[in-house]
Amino acid sequence: ENSLVIVNEFGEIGIDHLLVSAPAENTRLLSNGCLCCEIRGELFETLTEVVRSRGVGDTPSFDRILIETTGLADPVPILRTIVTDNDLRQFLRLDKVISVVDAVHALTQLVGYDEARKQIAVADVLLLSKADLVDPRAHGEVINAMKAINAGAELAVVNCGEIDPEKL
């Protein structure tokens, strides 16, 4: 509600922005690669531009910006851009980091990809998606692996794609 959404696409054909249910003027598409590689590039420019355009009335007013990254993103450079840039800090503050963990593929991804572990490590909220698609033993293994990386994060299990918006 009353949010601007920045969608990061990675790949030849971007589709995630088509899946977001929001007015087009409140959605920005970044398609020049992974956000983690754009520390002062397209992400910074996009954030600066939406703050400027909101200030002059070219963009509808919004209370928050939601940045949806690719599953391949290293979250640390993205967070660094938001919390350390003096220009952005005048207008924006980081509220929380939400990481979605795919219950079906998590154990493999945690072994093979540093980014998967980093996404869990920096999260304030961990959403275990596709939990309804794995057996209880695998479900428990994934939760234990997530807690071993970040025991302080709030954990919410997502069944059949449904989550209480209050948890976010």
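No single ILVMFWY cluster, assembled from side-chain heavy atoms under 4.5 Å apart, contains both V101 and V97. Criterion: ILVMFWY side-chain heavy atoms under 4.5 Å apart, direct or through other members. Under it, L126 and V76 are not part of a common hydrophobic cluster.
In the hydrophobic clustering, where aliphatic and aromatic side chains (Ile, Leu, Val, Met, Phe, Trp, Tyr) are joined below 4.5 Å either directly or transitively, V104 groups with L133, V134. Cluster note: I163 groups with I98, V100, V125, L127, V158, L168 through ILVMFWY side-chain heavy atoms spaced under 4.5 Å, whether in direct contact or through intervening members.
Residue pairs meeting the salt bridge (Lys or Arg N to Asp or Glu O under 4.0 Å) criterion with at least one partner in residues 97-118, sequence neighbours excluded, are D74-K118, D102-K130, D114-R117. Pairs of residues two or more places apart, or lying in two chains, never qualify as side chain to side chain donor-acceptor pair (under 3.5 Å) while including a residue from residues 157-168.
In this structure, OH on Y113 lies 11.5 Å from CG on L110, to the nearest 0.5 angstrom. Here the CG atom belonging to N2 is positioned 4.0 Å from the CG atom belonging to D63, to the nearest 0.5 angstrom. Between atom CG of residue L94 and atom CZ of residue R80 there is a gap of 13.5 Å, rounded to the nearest 0.5 Å. Remark: R64 CZ to L92 CG distance equals 13.0 Å, nearest 0.5 Å. To the nearest 0.5 Å, the span separating CG on L47 from CD1 on I67 amounts to 5.0 Å.
Side chain of S3 to backbone of I65: no donor-acceptor contact under 3.5 angstrom is found. Formation of a donor-acceptor pair under 3.5 Å by the T48 side chain with backbone atoms of E45 is not found in this model.
Taking both residues in full, the closest heavy atoms of C160 and D132 are given as N-OD1, 3.0 Å, listed atom of the first, atom of the second, then distance. In this structure, N150 and A123 approach most closely via the heavy-atom pair ND2-O, 2.8 Å. Between F91 and V51, the shortest heavy-atom contact is CG-CG1, 3.4 Å.
Remark: D135 engages no residue in a side chain to side chain donor-acceptor pair (under 3.5 Å) (not counting sequence neighbours). Listed by chain and number, the residues in a side-chain contact (heavy atoms from CB on, under 4.5 Å) with T108 amount to none (sequence neighbours excluded). For E154, the salt bridge (charged side-chain N to carboxylate O under 4.0 Å, His left out) criterion is met by no residue, not counting sequence neighbours. With sequence neighbours excluded, the residues that form a side-chain contact (heavy atoms from CB on, under 4.5 Å) with V56 are R52, D58. Qualifying side chain to side chain donor-acceptor pair (under 3.5 Å) partners for R54, counting only residues two or more places apart in sequence or in other chains: none.
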N/O donor-acceptor pairs under 3.5 Å from side chains in residues 137-146, not counting sequence neighbours:
from	atom 1	to	atom 2	distance (Å)
R137	NH1	E141	OE2	2.3
N144	ND2	G140	O	3.3

Intermediate values then yes/no, side chain to side chain contact (heavy atoms under 4.5 Å, CB included), V7 and V5: CA-CA 6 Å; V7 179; V5 179; 3.7 Å; yes

